[in-house]
Amino acid sequence: MNHGGPAGDDQPAPTGAAPNEPTAETARSPEVETPAAGTVPQRRRRRWPLWAAVVAVVLTLSAGVPVALLTGRVSDVEVGEPATAASPTENPTTVAARQVAERITAQLDKQAAALLGGDRSGFAAIASPTVRPDLRRRFDALKALRVTHWQGRPSGLPTSAGRAGEWRVPIEFQYCFVVPACQPSPMVVETRWRDGAEPRLLTLPKSKSSAYVNGRFNGQPGVLPWEVSKLAVLVGKRVMVASTPAHRNRLPGLLKRAEAAAKVADTYAVTGTPPDLYRVFYAGPKEWDRWYGGDQPEWGAGYAVNVGGGHHEVVLAPETLGYGPVLDELLRHELAHAASLPDKNYWDDSAWWLIEGLAEYAGADGQPVARYEGLVPTRRLVKGDWDGKLDKLLPAGDAPDEQVAGHYGIAYLAFRHLVDRFGEERAFAFFKAVVYDLRLPAQTTEEIFGESWASLRKECVAYIRKAVR
């Protein structure tokens, strides 16, 4: 696997950075189902085709508020409030657990102050000696990512860990990178503490992918890069790029390409407000199999993952940095997902064509249909066994690459027709109605486009068939 700098990746580093030596210190600051509501597949990945084309795939993981998976937020147990005398009828165990939660919260506040103040030893001091090396590594990664907000709170009351003086409690952490006033991303981890005047953290597991509900993902995405990896980071005006130190020399070139893609992606913010910062992580082979739960197929090239707080982080697969214009298309596609998708992924499979169609349209960046890279496999699928349905377009997980490319090509052409005929403003309004407001196309096309969905769908199909003749 070639990790050397390809042509075009030896661009000058951002202001203040030495070429090929990106570090957090030298980077520029930016100016910166549910089951009842519908279902969404856990993973939608971008595939590498067997031909020269690249077909867009996205992994969109719902990172819904993690405390919804647990009971009793910290506000419910009045953590941080002065202890008061227990009611004669109050359970003594509950009183003790509340007091433990207060002491743990005080420790978490000390840790947050140490992190934001640059005190590495203080950040690790709340833990037992066996946990401190992991905390010091996390400190380094979080500082490289320019953490601007960090807060930890018990999510529910502690429970006995089975040993005298030891307690288990889920902790919700909220954090921001680079942007001081961002909407924090949340994560919840199960922890174990030894109680005392100053409780000590005994275990801090990595975050895990939340459970499936009726076969659908309904929670947080899994292990985050800064939990398990040393990171090198560069920050530009609109994008933060990060990887492991082994790939730091590739970051200046990646940042330049990602900044160009961000200018395109910003125009696909269907709510009118682009992300405060795009976060792009380049994974080596080990990281590709570990970050965000791993389990990536060999044909995966990149994905966007919802980490909550309105943020979708983009992950690029090993070797993708050496593919020139194909990388530019991949970045436009994935950053468009980050700009266009809502924080809660409650849409169902029938909206897949619309979500991927918009991202493919962004990836194509205005090029003529005849130059669309996936046109050949799309033609084969359309002239083969495609039944003309858009709401059943989601490809099977084990579908061949060429067939998947055809599915994405159909999605691109359908969305392209909406833009060509009605303009981007109305096409985006349709996207928002279906993806954000969870309205069926049949409920909204008369209002937005002035014609029935049955009629408009037939137009889209006719356009697709004509485009691939």
Side-chain angles (χ1 to χ4, degrees), residues 6-17 22 27-32 46 54 56 58 60 146 177-179 182-183 233-243 250-282 301-306 310-316 320-321 323-342 355-369 371-373 412 415-416 419-420 423-425 427-429 431-432:
D9 276 8
D10 55 350
Q11 302 296 331
T15 303
R28 292 191 293 125
S29 296
E31 296 176 3
V32 271
R46 187 177 178 102
V54 171
V58 66
T60 53
R146 299 192 185 187
F177 298 139
V178 180
V179 181
C182 89
Q183 180 181 351
V233 183
L234 279 182
V235 179
K237 182 178 180 180
R238 295 291 295 121
V239 185
M240 174 185 74
V241 296
S243 188
R250 312 297 296 278
L251 293 182
L254 175 59
L255 180 61
K256 181 177 181 180
R257 291 178 180 275
E259 287 284 345
K263 291 180 181 179
V264 176
D266 279 349
T267 66
Y268 288 85
V270 299
T271 61
T273 304
D276 53 27
L277 183 78
Y278 295 99
R279 306 171 182 175
V280 180
F281 291 85
Y282 174 66
Y303 57 86
V305 55
N306 188 344
H311 300 281
H312 287 75
E313 294 179 350
V314 171
V315 186
L316 304 178
T320 51
L321 298 191
Y323 284 87
V326 171
L327 174 60
D328 297 331
E329 181 187 343
L330 174 65
L331 284 167
R332 290 192 296 266
H333 177 106
E334 302 301 347
L335 294 187
H337 277 309
S340 65
L341 291 174
I355 293 167
E356 294 302 333
L358 179 145
E360 280 290 87
Y361 179 77
D365 195 25
Q367 69 182 352
V369 170
R371 293 181 56 191
Y372 176 64
E373 294 282 359
Y412 160 71
F415 190 81
R416 175 68 182 254
V419 173
D420 286 351
E424 287 187 353
E425 183 176 351
F428 290 176
F431 182 99
K432 185 176 181 298

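Side chains are part of it too, since the values below use all heavy atoms of this structure and drop only hydrogens, waters and symmetry mates. Since this is a predicted model, take the numbers as computed values, not measurements.
- Side-chain atoms of Glu313 never come within 3.5 Å of backbone atoms of Phe281 as a donor-acceptor pair (strictly under, hydrogens ignored).
- None of Val314, Val280, Val305 except one satisfies the side-chain contact (heavy atoms from CB on, under 4.5 Å) rule with Glu334; the exception is Val314.
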Phe431 vs Ile355, side-chain contact (heavy atoms from CB on, under 4.5 Å): CA-CA, chis, key distance, verdict: CA-CA 8 Å; Phe431 182 99; Ile355 293 167; 4.3 Å; yes
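- Distance check, rounded to the nearest 0.5 Å: CG of Asp328 to NZ of Lys256 gives 10.5 Å.
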Go through the steps for Leu330 and Leu316 under the test side-chain contact (heavy atoms from CB on, under 4.5 Å), then give the verdict. CA-CA 9 Å; Leu330 174 65; Leu316 304 178; 3.7 Å; yes
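- Here the CZ atom belonging to Arg332 is positioned 9.5 Å from the CG atom belonging to Leu327, to the nearest 0.5 angstrom.
- Contact record, Ala261 with Leu331: CB-CB, 3.7 Å, taken as the closest heavy-atom pair.
- Between Pro275 and Ala338, the shortest heavy-atom distance links the atoms CG-O, 3.6 Å.
- Nearest heavy-atom pair, Leu251 versus Val233, reported as atom, atom and distance to 0.1 Å: CD1-N, 4.0 Å.
- Within a 6.0 Å radius of CD in Gln367, more than 12 heavy atoms belonging to other residues, nucleotides or ligands are found.
- Judged by distance alone, the side chain of Thr320 and the main-chain N or O of Ala301 form no donor-acceptor pair under 3.5 Å.
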Test side-chain contact (heavy atoms from CB on, under 4.5 Å) on Glu373 and Glu329; report intermediate values, then the result. CA-CA 10 Å; Glu373 294 282 359; Glu329 181 187 343; 4.1 Å; yes
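- Using a distance-only test at 3.5 Å, with no hydrogens or angles considered, a donor-acceptor pair links the side chain of His311 to the main chain of Gln183.
- Taking all atoms of both residues into account, the shortest heavy-atom contact from Val270 to Ser340 is CG2-O, 3.7 Å.
- Using a 30° and 60° split on the angle between ring planes, Tyr361 and Tyr268 fall in the perpendicular class, above 60°.
- Between Ala336 and Ala265, the shortest heavy-atom distance links the atoms N-CB, 3.7 Å.
- Remark: His312 NE2 to Tyr303 OH distance equals 13.0 Å, nearest 0.5 Å.
- To the nearest 0.5 Å, the span separating CG on Leu254 from CG on Leu234 amounts to 9.0 Å.
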Applying side-chain contact (heavy atoms from CB on, under 4.5 Å), run through Tyr278 and Asp266 and close with a yes or a no. CA-CA 10 Å; Tyr278 295 99; Asp266 279 349; 2.7 Å; yes
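- Taking both residues in full, the closest heavy atoms of Thr267 and Phe428 are given as O-CE1, 3.3 Å, listed atom of the first, atom of the second, then distance.
- Side-chain contact between Glu356 and His333 is present, with heavy atoms from C-beta onward closer than 4.5 Å.
- Between the side chain of Glu259 and the backbone N or O of Arg238, at least one donor-acceptor pair lies under 3.5 Å.
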